Structures are given as C-alpha cells and as structure tokens.
Amino acid sequence: MTSLHPRLRALESSFGLSTLSPIVDPILSGLRIQLWIKRDDLLHPVISGNKWRKLKYLLNDALVDGADTLVSMGGAYSNHLHALAFAGNSLGLKTIGYVRGERPNVINPTLRDLILWGMELRFVSRSDYRQLRAFKSGTMPDLQANQCWLPEGGASASALRGVAEIMDEIPIRYDHMLVACGTGTTLAGLISAAPAHCRVTGISALKGADFLKDDVKRLLSPNRFYTHWQILQDYHFGGFAKSSPELKQFMRQFYASHAIALEPVYTGKLLFAVFDLLEKGYFKPGQRIVVLHTGGLQGARH
Ligand SMILES: *Cc1c(COP(=O)(O)O)cnc(C)c1O
C-alpha cells in the first residue's frame, strides 16, 4: 500500500462521502429484489464519480515521480478532461488537453471551465485524435521528462486500482454490479475487485462497441482470467451522446421518484437499462443489485 502524496491527501480530504442509497420502487418490492445506488456523484462537484476513482493513483504517480505537467485527451464535453483540469489546478500541476475536433466558434461550458482552470487546449482533427488513442499506458512520443501522459479515459493499471477501492466501501453482500461504459476502464476496475459470486455488467454508452470487450480484457491483469462479466450493447440510444424523448422522460421520472439526478450520456442509459432488465425478468427474486452512479452531471449543461 503506497501512501498518498500529501498534496493529493489534502485534496481528497475535501471530498464528500459516496453513500450507498437504497432505491424504493414498486417494481422492486413486487419482484423481491433490492437495488442500491453507490453515489459516487456525491464525491465532488467537479472531479465527480469515476473520474476521481480513475485519476487518484495516476495523479499520485505523477506527484511522486515529480512530474509538473499532465497531458491527456478527450472530447469537447469530456468529463475526464474536466476532472483533470480541476485536479491539476488544485494540485499545482500544469495540464494540457488534446481535444477532438476543431476549436468551436462558441466555447461550451466544459471548455470554458478547462480554460478557467488553466488547461492548455490543443484541438486536433479526428484522424489525429485516433492516432493519439494508440498511445495507451504511460507513454507517448514527444513527451518531456516533466510531463506525464494519461491515455484516453485514464485507461491504465493505476486507474483500475482507484476504481477497485469502490468495492471496499460496499458493506453489503450483492449479486450484481452495473456500470456505464465509455472506455470500459471503470468496468475493468470493478471486475478486478468484484467478489467471486458477483456478476459485473457494463452498459455501453457507445454504438457498435465490439472493441470494448477486448479493451477491457487488455486492461485486466493478463495472468488472471475473469468470466463473471459482460457488456450489454442494446442501450446506446443511437450512439454516444445521443438521446431520445423516451430516455429523457425516464430520467425526469427517475428524478421525480428518487431525487437523484442522472445525465443522458452515461448514467441515464445505465438506469434505463437496469429498469428494463428488471421488467424483462433478468434478475432473480431475492437478488441484490448495486448500480454505480459515476457522476458526470457537468456534461449535461448545454
Ligand atoms: C467517463 C464516464 C463514464 C465512462 O467511464 P469509462 O471508465 O471510460 O468506461 C461513465 N459515466 C460517467 C458519468 C462518465 O463521466
């Protein structure tokens, strides 16, 4: 157990508590199924949810190695860049973000925050962005000694380690854990730490995400073989960041019933999937389900 760098420990001590909240709903009592939401959205207003879990040890590695600049990549609404820019600013580290696509004429709220927190933005074409994706863990060309590269979504062993800590905070026995997937890094972290009897399910926020399964396998420790997980691909609502009136209606209804805000890119699709699976009889009576609220509400401001 490496101890946290003092600056990171100070930042973490300002965080809120991620609670495990029971959901009360007639469909659940009818099926004798218990559902909880692990509220990682409550951790921090900016470094929210899984972005903190994934960044925690990446940031620690950078501080311990004496890096002064964090370099990463993401879309123009990226929760990852948003969390990274804020964390870098809080920790006294410079940040550089490669942003997919041309610099937009109107700067959206996410980009405005990145600029406010001092992130240097480098807009790159979609084909250049795809090339950056090839630089997975740890390294990319043209990096200076003081710079630390974080691959898209933070995908790395250090990210998995931070995500795994979520499991230590769940004091109940449960049969299913479900999470929304972008790069699948959070899913991989959950799989790596799940109790043996627990089935871990990722809900893909992307369309045609067959590559996700291999990405997750690659992230998982190569000398261990995990079988108790899957990725469901039927809940993308047309693709990444696509939505529908049905999804929006579901999110409104969910907020009205449970006072928990969701966003349409990830967590809305996740909870929609959970209730759809409940209605289809996917879970067995007596089972306990934990759903991870990965936060990300900043991305819904537009
Ligand atoms: C980034 C993000 C995800 C996806 O996480 P991955 O580790 O890339 O799969 C899920 N939910 C929210 C709210 C996010 O911001």
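Nothing here was measured: the structure is a model prediction, and the numbers come from that model. In listed order, ligands and their atoms are each counted from 1.
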List ligand 1's nitrogen or oxygen atoms that come under 3.5 Å of a protein nitrogen or oxygen, with the partner atom and distance.
from, atom 1, to, atom 2, distance (Å)
ligand 1, 5 (O), Asn50, ND2, 2.9
ligand 1, 7 (O), Lys54, NZ, 2.8
ligand 1, 7 (O), Thr185, N, 3.4
ligand 1, 7 (O), Thr186, N, 2.9
ligand 1, 7 (O), Thr186, OG1, 2.6
ligand 1, 8 (O), Lys54, NZ, 3.2
ligand 1, 8 (O), Thr183, N, 2.8
ligand 1, 8 (O), Thr183, OG1, 2.6
ligand 1, 9 (O), Gly182, N, 2.8
ligand 1, 9 (O), Thr183, N, 3.2
ligand 1, 9 (O), Gly184, N, 2.8
ligand 1, 11 (N), Thr294, OG1, 2.6
ligand 1, 15 (O), Lys51, NZ, 2.8
ligand 1, 15 (O), Asn79, ND2, 2.7

- From Met119 atom CE to Leu81 atom CG, the distance as rounded to the nearest 0.5 Å: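 Rounded to the nearest 0.5 Å, the CE-CG separation comes to 5.0 Å.
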- Item | Lys94 NZ: over 12 foreign heavy atoms closer than 6.0 Å |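 Yes, enclosed.
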- Message: Between Phe86 and Leu55, is there a side-chain heavy-atom distance shorter than 4.5 Å?
- Response: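 SC-SC contact between Leu55 and Phe86 ruled out.
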- Query: With a 6.0 Å cut-off on ring centres, are Tyr174 and Trp36 close enough?
  - Reply: no
- Query: Looking at Phe15, is Lys56 sitting on its ring face, NZ or CZ under 6.0 Å from the six-membered ring centre and within 45 degrees of the normal?
  - Reply: no
- Any sub-3.5 Å donor-acceptor pair from Lys242's side-chain atoms to Phe237's backbone N or O?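 Not confirmed, Lys242 side chain does not pair with Phe237 backbone.
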